[in-house]
Every structure is written in structure tokens, then in C-alpha cells.
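Positions are given from 1 along the sequence. Reckoned from all heavy atoms, side chains included, excluding hydrogens, waters and symmetry mates.
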Amino acid sequence: MKISVVIPVYNAAATIGSLVEDVQKSLPGYDAEIILVNDCSSDQSEKICEELATKHPFIRFVSLRKNSGEHNAVLCGLNYITGDYVVIIDDDYQNPPSEIVKLINKIREGNYDVVYSKYSNKKHSIHRNLGSRINDRIATILLNKPRDLYLSSFKVMHQDIAKEITKYKGPHPYIDGLILRVTDNIGTAEVEHHKRKEGVSNYTFNKLFSLYLNMFLNFSVKPLRVFTLIGTLIFILGIVLAISVVLEKYLYGGTPPGWTFTIVIILTISGFQVMFLGILGEYLGKLFLMQNGTPQYTIKKVIVDSRELNIHD
């Protein structure tokens, strides 16, 4: 049985060499290949990955021309796998390579399509843990994710699932959203979680917000349904207020609401309309980028079997 391990690489010059070595050691008895995707790192990651791929035939290397994001880099790597099962692991050592076997055993024993890792004690920073909780809530609501499933970046999937999600051609992929689109046969396996060996998380607030917005708009129409419901409720409220004003004026001789009340109503409705138009604009913008042929990533170099391929063939 062959195992493919996809590693998105970004500014990991200090760890990628030892990580590749540890991944290889963690899979004794398996025919293993490692796919490194350099997401336009600003350090020496590309040079190190290229040297590793040139030296070791079991390593495949893809270098991207510009930074495309982790999910785009992973999707790129999935196009180069040849294994029966595919493991996705980050380059920061927070997921020890020794835990890969636990995921493989779980997916084989349970005959799952995908197995996610789960942690009894996460070592993420406070803002990452908060971001994970937000991500979990949003995914549960918008993507119909099971409540007890943690969407970890460390996971294993069957080759068929990998092939299915690479059919997605939109410019803003979300790997977990694509997985939840194609299968419900998902398991979990508890693994260890360590602190980063080097540096800090590359997920800034802006990147996390962009990820959540991507999941919010690209993989569900529920936001539009929510705004339709809110709009309907505001319309009903408006009718109720109009009737109450008429009754108060002509039946009880009351005074109609004044300037302040009118301004509040106008601001509330206008704010809702602008927000709704913004959501529609985001959806239209995503469609425009897709129809305009915006690429998921742009490849600069590919090394397979220790030799560089002509990517223009």
C-alpha cells in the first residue's frame, strides 16, 4: 500500500529538512511519497525543498510563483499524489509525524473516507484557539458539519476523495468544505499536539478573517437565506408599526412618532440594505473571479523522480 504525504511549505527553512526525515521514518513498511508545495516562501525553503527532491526520488516538489494560501497549496499537492491514502500535515511540527500511523490505522480499520485528528490538549496560541472555535461554529451552521468533528489540518483521506475534491476549479478552495461536500463517512483519531518548533503562526487576523469569509460565501447559500428571513421580519415589523401609527392617530388621537424615531427606522433599514448589498457583492465578486479564470495557484517549478519537469508540456 502506498501513502502520499502532502506538506504545504511556507517559511519553514528551519524545520522542513528534519520534518521530511521524520515523516519517512514514521512510515516503515509503507511505500511512501512526500509532496512538498512551496507557497512562495520568503526564506530558503524553496532551495532546501529543491535539494531534497533532487536527492530523494520519493519526494515530489512543486514551487508556486506567488503566495496562494495554505488551502490552495494543499489542493495543488493533491494533484500530484499517487498513493492509496493521502496524509496532509503542516510544516510547523505541531503535529508529530509519529502520529501519522494512528490516522492510517483508523481509516483502514473503520473503512472511512476521511479521518481527522483531534487533540486532548491543543498547544495553539489563545487567538488560534479562539479562531478554531469560531471556525467550528460557522462550519457546523453553514456546512452541516457534525458537532463533534474538529476540522483539523492534520488528516488522512482515501485517494478517491482526493481526486474528487481536485475537480473543484474555483480560485478560493476550502479543503474541509470540499471534503464535507463529497462524503459523510468521516472518522476521528486522537493524536498528540505539540508547540511550534520555530517561529509563530502564519495565520494572522486578516488571514483568518479571509478564511472564514471564504467558507461563509463559497460553500453555502445559507447567508442569503438568513438575510431573506431578516428582510421579511423587517418588512413585517414595518407593517405592524404603520398599523400602530394609524390606530394611535385616528382611534386614540395620539401623536405620530417624531423625527428621532423616523431617523432610527431609516438608519436601521438602510444599514440592513447596505449590508445585504455587500454580501451580494461578495457572491458576485467570487463568481466574477471564477468566470474570469482566476487561477488557484501558478506553478513555477516541478521536480518528480529527482528531475525537473517541463511544466509547459
Side-chain angles (χ1 to χ4, degrees), residues 1-24 26-27 30-92 97 100 153-175 178-179 202 289-290 293-313:
M1 186 176 65
K2 190 170 187 177
I3 304 295
S4 298
V5 181
V6 175
I7 307 176
V9 180
Y10 184 70
N11 291 345
T15 58
I16 192 61
S18 58
L19 178 62
V20 167
E21 183 178 350
D22 289 344
V23 168
Q24 184 189 18
S26 71
L27 295 170
Y30 290 102
D31 180 11
E33 68 175 5
I34 299 175
I35 296 91
L36 303 175
V37 183
N38 177 45
D39 194 16
C40 199
S41 301
S42 58
D43 62 3
Q44 295 297 309
S45 295
E46 178 170 353
K47 179 181 178 183
I48 294 172
C49 290
E50 185 173 348
E51 290 174 352
L52 289 169
T54 303
K55 182 179 179 181
H56 302 290
F58 65 87
I59 297 177
R60 295 183 164 201
F61 173 55
V62 184
S63 179
L64 304 184
R65 289 190 180 277
K66 62 176 295 184
N67 183 260
S68 302
E70 179 182 356
H71 290 262
N72 297 64
V74 169
L75 195 63
C76 174
L78 292 178
N79 283 280
Y80 289 87
I81 62 102
T82 60
D84 301 292
Y85 293 97
V86 188
V87 176
I88 301 172
I89 187 170
D90 289 338
D91 61 6
D92 55 14
I100 290 176
S153 58
F154 183 35
K155 49 186 164 278
V156 61
M157 67 183 76
H158 195 277
Q159 181 193 63
D160 292 345
I161 301 301
K163 288 182 177 179
E164 192 65 33
I165 66 178
T166 55
K167 294 178 182 178
Y168 178 76
K169 301 305 178 185
H172 303 289
Y174 176 56
I175 299 299
L178 293 171
I179 289 173
N202 293 310
L289 292 175
M290 184 179 297
T294 302
Q296 295 171 340
Y297 48 80
T298 306
I299 296 175
K300 178 173 67 174
K301 180 184 301 183
V302 178
I303 297 178
V304 175
D305 294 330
S306 300
R307 63 185 182 86
E308 185 174 345
L309 301 182
N310 185 349
I311 60 175
H312 300 294
D313 287 345

Taking every non-hydrogen atom, the tightest pair across [X] and [Y]:
X: G83; Y: S4; value: N-OG, 2.8 Å
X: G17; Y: L52; value: CA-CD1, 4.1 Å
X: N72; Y: P173; value: ND2-CD, 3.4 Å

Approximate separation, where rounding is to 0.5 Å, of [X] [atom1] and [Y] [atom2]:
X: D22; Y: I100; atom1: CG; atom2: CD1; answer: 9.5 Å
X: K163; Y: I81; atom1: NZ; atom2: CD1; answer: 7.0 Å
X: I3; Y: D31; atom1: CD1; atom2: CG; answer: 9.0 Å
X: F61; Y: L309; atom1: CZ; atom2: CG; answer: 12.5 Å
X: Q44; Y: E51; atom1: CD; atom2: CD; answer: 9.0 Å
X: E50; Y: I303; atom1: CD; atom2: CD1; answer: 4.0 Å

Taking the side chain as every heavy atom from C-beta outward, state whether [X] and [Y] have any atom pair closer than 4.5 Å.
X: I88; Y: S153; answer: no
X: R60; Y: T82; answer: yes
X: M1; Y: Y85; answer: yes
X: N38; Y: I16; answer: no
X: L75; Y: I175; answer: yes
X: V20; Y: H56; answer: no
X: N79; Y: Y297; answer: yes

- Just checking, is any N or O donor in the side chain of D91 or T15 under 3.5 Å from an acceptor N or O on the other one?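 No donor-acceptor contact under 3.5 Å links the two side chains.
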
Under 3.5 Å: donor-acceptor pair, side chain of [X], backbone of [Y]:
X: H158; Y: D160; result: yes
X: D43; Y: S45; result: yes
X: N67; Y: C40; result: no
X: T294; Y: P171; result: no

*For K300, what residues pass the salt bridge (Lys or Arg N to Asp or Glu O under 4.0 Å) criterion, not counting sequence neighbours?*
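Checked K300 against salt bridge (Lys or Arg N to Asp or Glu O under 4.0 Å); matches are E46.
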
For K2, check salt bridge (Lys or Arg N to Asp or Glu O under 4.0 Å) against everything at least two apart and list the hits.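 K2 satisfies salt bridge (Lys or Arg N to Asp or Glu O under 4.0 Å) with E33 only.
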
Just do the side chain to side chain contact (heavy atoms under 4.5 Å, CB included) check on I165 and M157 with the steps written out, would you? CA-CA 11 Å; I165 66 178; M157 67 183 76; 4.1 Å; yes

Practice item. Check step by step if side chain to side chain contact (heavy atoms under 4.5 Å, CB included) holds for V37 and V74. Key: CA-CA 7 Å; V37 183; V74 169; over 6 Å; no

- request: Could you please spell out the steps behind the side chain to side chain contact (heavy atoms under 4.5 Å, CB included) verdict for V156 and V86?
  value: CA-CA 5 Å; V156 61; V86 188; 5.9 Å; no

* To do: Could you go through the side chain to side chain contact (heavy atoms under 4.5 Å, CB included) check for L27 and V5 one step at a time?
  => CA-CA 10 Å; L27 295 170; V5 181; 4.0 Å; yes

Practice item. With Y80 as reference, evaluate L36, V62, T166 under the side-chain contact (heavy atoms from CB on, under 4.5 Å) test and give the passing residue. Key: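 Exactly one pass, corresponding to V62.
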
